[in-house]
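Okay, structure first, notes after.
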Amino acid sequence: MGDEIRRNMALFPIGIVMKLTDLSARQIRYYEQHSLIVPARTSGNQRLFSFNDVERLLEIKALIEKGVNIAGIKQVMNPVSKESEEATVITADTEVKRRELSDTQLHRLLKQQLVAGKRPGQVSLIQGELSRFFNNK
DNA sequence: CTTCTGACA
DNA sequence: TGTCAGCA
């Protein structure tokens with residue numbers, strides 16, 4: 001179970017998550033207000049999302065598209081566990097590493113996330129964003 | 001330039 | 001939900 005840390009490791013800002021999930025910043029923040037997600041914060045109060053957060057957002061999006069409202073989603077989805085909530089807390093140390101994690105390490109992480117058992121349908125959603133990491137620098 | 005919070009023609 | 005303001 002040492003894979004959990006990677007999924008709960010917060011590394012992307014809301015801008016990336018918007019592209020990843022096709023949700024507006026407004027929606028993402030709104031869902032956070034309703035505790036559907038609990039992204040970590042940087043020292044500058046900026047939100048930092050983990051793979052788990054993105055996955056939750058995709059689930060939320062799927063439910064929204066099915067016509068489910070916030071109240072309904074809260075019932076269907078289990079609340080954020082304390083473990084992942086604690087795990088996503090950003091420390092000054094991990095925050096620095098996030099910036100040094102741009103290239104090879106990030107590529108490996110993303111690759112691992114993709115191959116680490118996931119439905120082929122959902123993977124395609126982040127495919128476009130992945131190309132950004134592989135082409136960009 | 002990007003993100004954050006609050007507010008509503 | 002969108003969108004704009006005024007900060008950081």
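Note on naming: letters A, B, ... go to the chains in the order of the sequence lines (proteins, then strands), and numbering restarts at 1 for each one.
Within the 4.5 Å cutoff, the side chain of I37(A) has heavy atoms near those of the I28(A) side chain. Using a 4.5 Å heavy-atom threshold, the side chains of R41(A) and L48(A) count as separate. Looking at E59(A) and M77(A), their side chains come closer than 4.5 Å, going by heavy atoms from C-beta outward. F49(A) has its side chain out of reach of L20(A): every pair of non-hydrogen atoms, C-beta onward, lies at least 4.5 Å apart.
Using modelled atom types, no side-chain atom of E65(A) and backbone atom of A62(A) make a donor-acceptor pair closer than 3.5 Å.
Every residue two or more places apart in sequence or in another chain was checked for a side chain to side chain donor-acceptor pair (under 3.5 Å) with N69(A), and none qualifies.
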request  = Using Watson-Crick or G-U wobble pairs with both distances under 3.5 Å, give me DNA chain C in dot-bracket, 5' to 3', with [ ] for crossers and | for pairs to another strand.
outcome  = .|||||.|

message = Before you tell me yes or no, could you show the steps for L36(A) and K74(A) under side chain to side chain contact (heavy atoms under 4.5 Å, CB included), namely the whole-Å CA-CA distance, both residues' side-chain angles and the distance that decides it to 0.1 Å?
response = CA-CA 7 Å; L36(A) 260 38; K74(A) 285 183 179 178; 3.6 Å; yes

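Going from atom CG of L23(A) over to atom C1' of dG2(C) covers 14 Å, rounded to whole Å.
The pair E32(A)-R56(A) does not count as a salt bridge, with every side-chain nitrogen at least 4.0 angstrom from each carboxylate oxygen.
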request  = Do nucleotides 3-9 of chain B as a string where each nucleotide becomes B, S or -: B if the base has a protein heavy atom under 4.0 Å, S if just the sugar-phosphate does, - if no protein is that close.
outcome  = SBB-B--

